[in-house]
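These notes concern the structure reproduced below.
Every chain is numbered from 1, with letters handed out A, B, ... down the list of sequences.
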There are 2 protein chains.
Amino acid sequence: MGLREVKRERTRQLIADKAFELFTDRGFGRTTVEQIAAAAEVGPSTLYRYYPTKERLVLEFVEGSLFEALDWFREQPQLSLPDGLQGVVERVLDQMESNPDRVRTVYELAGQTPSVSAHLADVIWRWRDELTAELTTRLTADSSDQPLAGASVPFTAALAAGITMNVIEVTVQTWVDNPAGTDAKELAREAMCLLRGGGIPLPTADPTQL
Amino acid sequence: MGLREVKRERTRQLIADKAFELFTDRGFGRTTVEQIAAAAEVGPSTLYRYYPTKERLVLEFVEGSLFEALDWFREQPQLSLPDGLQGVVERVLDQMESNPDRVRTVYELAGQTPSVSAHLADVIWRWRDELTAELTTRLTADSSDQPLAGASVPFTAALAAGITMNVIEVTVQTWVDNPAGTDAKELAREAMCLLRGGGIPLPTADPTQL
DNA sequence: AGCGATTATGGAAGTGACTACCATATGACG
DNA sequence: CGTCATATGGTAGTCACTTCCATAATCGCT
């Protein structure tokens with residue numbers, strides 16, 4: 001690795017950090033990209049080479065946490081899918097718990113600014129889509145695992161990825177809302193017990209006469 | 001209802017329709033709001049009184065379908081939650097199936113334009129949040145339904161809403177991707193069978209040693 | 001019908017995110 | 001040291017979106 005990439009990563013982090021400072025101080029709407037660029041001592045056009053939109057500056061940390069866990073998952077093909085997904089959930093929550101203030105601020109900014117919440121939702125969706133893709137390849141690979149009666153593999157994969165995403169979202173949301181002190185991974189465990197135990201009201205397959 | 005509200009609804013629809021035309025013709029990025037306003041024969045400032053962003057013009061139909069079903073759900077407090085949620089799923093899919101081209105175009109535009117997919121994700125999220133709120137009040141009301149051992153009501157509600165949203169999303173996605181002809185409600189039924197039958201690899205509650 | 005109050009509309013002016021482009025500088029490599 | 005690839009900064013421009021005000025359409029009441 002050359003000196004070039006080191007500098008690149010440094011600049012990248014510097015920009016995101018300065019941006020986050022300004023956002024927490026003056027708020028998202030009252031901060032211009034010029035101000036961020038000036039604070040990071042780069043030109044605005046340089047800033048846009050690192051981050052495509054102002055919103056992505058807010059989401060840097062969350063995005064990183066999610067995709068790190070996904071990368072880990074891809075490198076663990078020997079694990080069973082349930083164990084692998086469990087590892088994904090744990091890794092994401094570990095990242096979040098390592099920096100509670102940042103996560104909290106992200107959610108606050110998302111709550112105040114529609115475009116931020118939109119981009120947050122988008123990042124999580126893209127993550128889920130990549131997880132779906134990975135699950136699809138794995139399910140097709142060892143389809144001996146389960147007969148998968150009738151249902152197509154991508155369909156099953158999408159459902160699994162969606163539920164995993166849900167568990168993470170619900171857990172993080174609850175963890176952020178609570179006055180700190182709660183254990184995120186304990187919450188996630190509860191969520192999964194509920195899922196397996198059937199304690200959740202699901203839509204029924206049989207249509208009722210309406 | 002006065003003449004005023006009739007006109008308002010007419011203008012609202014007119015704007016969305018003209019916008020959709022232009023988007024399908026020239027694409028989202030190559031259409032300016034001025035062009036849309038001109039096509040609908042209103043001033044740009046009027047357009048912004050009806051739609052807060054250009055992206056929401058794309059999502060008008062999807063948004064309407066989702067929230068109509070939610071309104072219906074709110075008006076059916078006598079139904080059990082599973083039946084009610086089933087009704088929600090059915091109603092959303094009915095709406096989508098009533099206008100396949102429009103849904104397909106929305107997904108195409110979302111696939112091409114990041115900001116559209118971001119707003120699409122956001123709309124669906126807001127919908128899920130409102131569904132969560134409704135489920136929370138209902139679960140607290142008749143908590144005699146189930147003991148809900150230990151788990152908090154909003155937690156359970158959020159999971160239920162999330163899964164319902166997942167079923168809809170996965171179903172619509174699969175239905176849109178397929179070369180037409182597939183029955184969306186049949187797909188949804190499969191999804192729910194998979195969910196109930198445990199045919200989906202979920203993260204395990206017990207952490208494995210990593 | 002007529003009249004005051006309320007609300008919808010159109011236009012003008014401005015802010016700021018984002019893009020395209022080019023000249024320059026800086027690290028990579030023989 | 002020379003060259004080459006890449007990173008940077010600045011400029012100019014487009015366009016989404018906001019704010020504000022003057023005007024016009026509708027409503028409610030008598």
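- Every residue two or more places apart in sequence or in another chain was checked for a ring pair (Phe, Tyr, Trp, His ring centres under 6.0 Å) with A:Tyr51, and none qualifies.
- Scored by the side chain to side chain contact (heavy atoms under 4.5 Å, CB included) test, B:Thr24 finds B:Phe20, B:Thr105 as partners (sequence neighbours excluded).
- The residues A:Glu169 and B:Arg128 are annotated as salt-bridged, a charged nitrogen and a carboxylate oxygen being separated by less than 4.0 angstrom.
- Nearest nucleotide to the A:Thr46 side chain, out of C:dG27, D:dG9, D:dT26: D:dG9.
- Counting to the nearest Å, the C1' atom of C:dT9 and the CZ atom of B:Arg10 are 16 Å from each other.
- As rounded to whole Å, 13 Å separates atom P of D:dT8 from atom CD of A:Glu5.
- Listed by chain and number, the residues in a salt bridge (Lys or Arg N to Asp or Glu O under 4.0 Å) with A:Asp17 are A:Arg102 (sequence neighbours excluded).
- Relative to the side chain of A:Thr11, the nucleotides C:dT9, C:dG16, D:dT8 differ in distance, and D:dT8 lies closest.
- The distance between atom CG of A:Leu3 and atom P of C:dC29, rounded to the nearest whole Å, is 11 Å.
- Computed from C1' positions of five pairs at each end, the angle between the two local axes of the helix from C:dA1-D:dT30 to C:dG30-D:dC1 equals 30°, rounded to 10 degrees.
- One can place CZ of B:Arg56 at 15 Å from C1' of D:dA16, the figure rounded to the nearest angstrom.
- Between the side chain of B:Lys18 and the backbone N or O of B:Glu41, no donor-acceptor pair lies under 3.5 Å.
- Remark: the B:Glu90 side chain and the B:Gln86 side chain contain an N/O donor-acceptor pair separated by less than 3.5 Å.
- Out of C:dG10, D:dA5, D:dT8, the shortest distance to the side chain of A:Arg4 is found at D:dA5.
- For the pair A:Lys7 and D:dA7, the criterion of a side-chain N or O lying under 4.0 Å from OP1 or OP2 is not met.
- Counting to the nearest Å, the P atom of D:dA16 and the CG atom of B:Leu57 are 11 Å from each other.
- Put simply, B:Arg8 has a side-chain N or O that comes within less than 4.0 Å of OP1 or OP2 on C:dA8.
- Taking NZ from A:Lys185 and CH2 from A:Trp175, the interatomic distance works out to 11.5 Å, rounded to the nearest 0.5 Å.
- A donor-acceptor contact shorter than 3.5 Å links the side chain of B:Trp127 to the backbone of B:Leu66.
- Using a 4.0 Å heavy-atom cutoff across all strands shown, B:Tyr51 reaches no nucleic acid atom at all.
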Mind listing the N/O atom pairs, protein and nucleotides 17-20 of chain D, below 3.5 Å?
{"unit_1": "D:dC17", "atom_1": "OP2", "unit_2": "B:Lys54", "atom_2": "N", "d": "2.7"}

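- The distance between atom CZ of B:Phe28 and atom P of C:dC18, rounded to the nearest whole Å, is 13 Å.
- The ring pair (Phe, Tyr, Trp, His ring centres under 6.0 Å) search around B:Tyr107 returns none, not counting sequence neighbours.
- The separation between B:Tyr50 atom OH and D:dA16 atom P is 20 Å, rounded to whole Å.
- A donor-acceptor pair shorter than 3.5 Å cannot be found between the side chains of B:Glu97 and B:Gln95.
- Among the protein residues, A:Thr31 comes within range of the sugar-phosphate backbone only, with heavy atoms under 4.0 Å from sugar or phosphate atoms but none that close to a base.
- Residue contacts shown for B:Gln35 are absent, as no nucleic acid heavy atom lies under 4.0 Å away.
- If you take CG of A:Leu47 and C1' of D:dT8, they are 12 Å apart, rounded to a whole angstrom.
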